[in-house]
Amino acid sequence: APDAPILLLTHGWPGSVFEFYRVIGPLAHPERFGGTIEDAFTVVCPALPGFGFSGAPPAPMGPRELADLWVGLIEGALGREWVFAQGGDWGSIISSWLALRYPRRVRAMHLNMVPLKPYLGPGTRPLSDDERAWIKKSKKRMARAMGYFQIQGTKPDSLAYSLADSPAGQAAWIVEKFQHTPWAEPGELSHFSMDEMITNVMFYWATNSALTSSWIYQAVTEGGGLELGATEDGSAERIEVPTGFFLAPFDLSPIPPQSWLERAYDVRHFQPQDEGGHFAALERPEPFVQDVRAFFRAFR
């Protein structure tokens, strides 16, 4: 569509740009999928450095550095003043840093994962009972899900030798994330075809990018980048870009109270879902597309 705004879709691990193949058409050409052309986007899906066919960086890059890279993409290759940003997994973290560091470059943002942890230091309001209960529940769930993070964040080279040597090992390391709770709704692998699983695995296997795709975990383990801090005047950092949330019950963390998200974000849209897991665009493309269209419509 003429002058359709850019929608920057950012993936994470163990996904790839292939996660978005079901939603690119409806988002770019809504008039072909029961919508109206006024909702069209120019869809851009950049591959994270070191993932799949995207060249590896010279050293591990964290989400803050990737946000700097993304703004170069917006201003340089795309030649735009601003974009709409959307992401899950690392995409939610990178989009958040992009919005915090370059708010004039992000008109609005839509996220399908609970992203940056808010600053809870001096001067912030006490946690509510609902927030305390959610933190307790979230820690319990994530304790069963974050072993991969510890390995990739501290010993990525040791793991990578095994994954680079065995296609079965590479497939197992990735596909179980689409199958087991947390991450996935129980029995969720039935939502994905075997071709889809193999295609996503091949982005890692064919390019031998098991190691370089884990570098982002090493970068945050060593340098941080998963939580906000305090500003120079002691107040809490907060992302003032209008933000919408499309959150699923079987993701890595439970759906939080809206008050938790509002500590760090200007929440304009909060849509807790009754089903679904981590890979929203691939698993539930129709509700995902509808929510993305509905949220960004007000900011065109």
Side-chain angles (χ1 to χ4, degrees), residues 1-12 15-48 52-54 70-71 73-89 91-92 94-96 98-99 104-113 178 188 190-193 195-197 199-200 203 241-248 266-300:
D3 301 319
I6 284 179
L7 176 60
L8 197 64
L9 297 177
T10 304
H11 69 91
S16 64
V17 292
F18 180 68
E19 277 186 71
F20 303 120
Y21 93 98
R22 290 184 177 182
V23 303
I24 291 171
L27 290 170
H29 295 283
E31 75 282 3
R32 300 178 187 174
F33 296 86
T36 62
I37 198 169
E38 288 76 18
D39 282 332
F41 299 96
T42 298
V43 182
V44 177
C45 305
L48 297 181
F53 297 94
S54 183
W70 263 213
V71 82
L73 171 68
I74 295 166
E75 297 173 348
L78 301 178
R80 296 294 184 100
E81 291 293 320
W82 59 268
V83 299
F84 291 137
Q86 200 289 326
D89 196 83
S92 72
I94 295 164
S95 298
S96 295
L98 181 65
R104 291 193 295 177
R105 295 292 179 255
V106 182
R107 180 166 289 186
M109 177 171 61
H110 182 276
L111 306 175
N112 59 276
M113 190 184 82
F178 290 80
E188 185 171 329
S190 61
H191 293 282
F192 310 107
S193 72
D195 277 352
E196 288 170 338
M197 291 294 92
T199 298
N200 187 65
F203 271 84
V241 169
T243 305
F245 287 94
F246 179 82
L247 301 178
D266 178 10
V267 180
R268 303 289 187 92
H269 176 88
F270 180 59
Q271 284 294 336
Q273 300 296 294
D274 296 326
E275 56 184 323
H278 190 69
F279 304 95
L282 189 60
E283 179 198 359
R284 304 182 68 232
E286 291 183 7
F288 176 87
V289 166
Q290 291 171 4
D291 202 70
V292 168
R293 286 179 185 166
F295 170 66
F296 286 120
R297 197 173 288 141
F299 303 100
R300 288 177 173 269

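With rounding to the nearest 0.5 Å, the separation of CG in L111 from CD in Q86 is 7.0 Å. From Y21, atom OH reaches atom OG1 of T199 across 8.0 Å, with rounding to the nearest 0.5 Å. To the nearest 0.5 Å, the span separating NE2 on H29 from CD1 on I24 amounts to 10.5 Å.
Among all heavy-atom pairs drawn from A281 and V23, the shortest one is O-CG1, 3.5 Å. Here the shortest heavy-atom pairing between R284 and P287 reads O-CD, 3.3 Å. E196 approaches R22 most closely through the heavy-atom pair OE2-NH2, 2.6 Å.
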Check step by step if side chain to side chain contact (heavy atoms under 4.5 Å, CB included) holds for F53 and V17.
CA-CA 10 Å; F53 297 94; V17 292; over 6 Å; no
Give the C-alpha distance, both sets of side-chain angles, the deciding distance and a yes or no for side chain to side chain contact (heavy atoms under 4.5 Å, CB included) between V83 and V44.
CA-CA 10 Å; V83 299; V44 177; over 6 Å; no
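A heavy-atom distance below 4.5 Å is found between the side chains of F178 and L282. Looking only at side-chain heavy atoms (C-beta outward), L8 and P46 come within less than 4.5 Å of each other. In this structure, the side chains of L247 and P272 stay at 4.5 Å or more apart for every pair of heavy atoms. Between L78 and T42, the closest side-chain pair of non-hydrogen atoms is not below 4.5 Å. With a 4.5 Å cut-off on side-chain heavy atoms, N200 and F192 do not count as touching. Contact annotation: the side chain of I74 approaches that of L98 to within less than 4.5 Å [non-hydrogen atoms, C-beta and beyond]. Taking 4.5 Å as the limit, every side-chain heavy atom of I6 sits out of range of all side-chain heavy atoms of W82. In this structure, the side chains of S95 and W70 stay at 4.5 Å or more apart for every pair of heavy atoms.
Under the 3.5 Å distance criterion, the side-chain polar atoms of E275 are left unmatched by any main-chain donor or acceptor of Q273. Side-chain atoms of R107 do not come within 3.5 Å of backbone N or O of F84 as any donor-acceptor pair. Judged purely by atom type and a 3.5 angstrom limit, E283 uses its side chain to pair as donor or acceptor with the backbone of G277. Not one N or O on the side chain of H11 forms a donor-acceptor pair closer than 3.5 Å with the backbone of A47.
More than 12 heavy atoms of other shown residues, nucleotides or ligands fall within 6.0 angstrom of atom CD in E75.
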Give the table of side-chain donor-acceptor pairs shorter than 3.5 Å for residues 288-300, with sequence neighbours excluded, one pair per line with atom names and distance.
from	atom 1	to	atom 2	distance (Å)
D291	OD1	H269	NE2	2.9
D291	OD2	H110	NE2	2.8
D291	OD2	H269	NE2	3.0
R293	NH2	P26	O	2.9
R297	NE	D39	OD1	3.0
R297	NE	D39	OD2	3.4
R297	NH2	D39	OD2	2.8
R300	NH1	E38	O	3.4
R300	NH1	A40	O	3.0
R300	NH2	D39	O	2.7
R300	NH2	A40	O	3.0

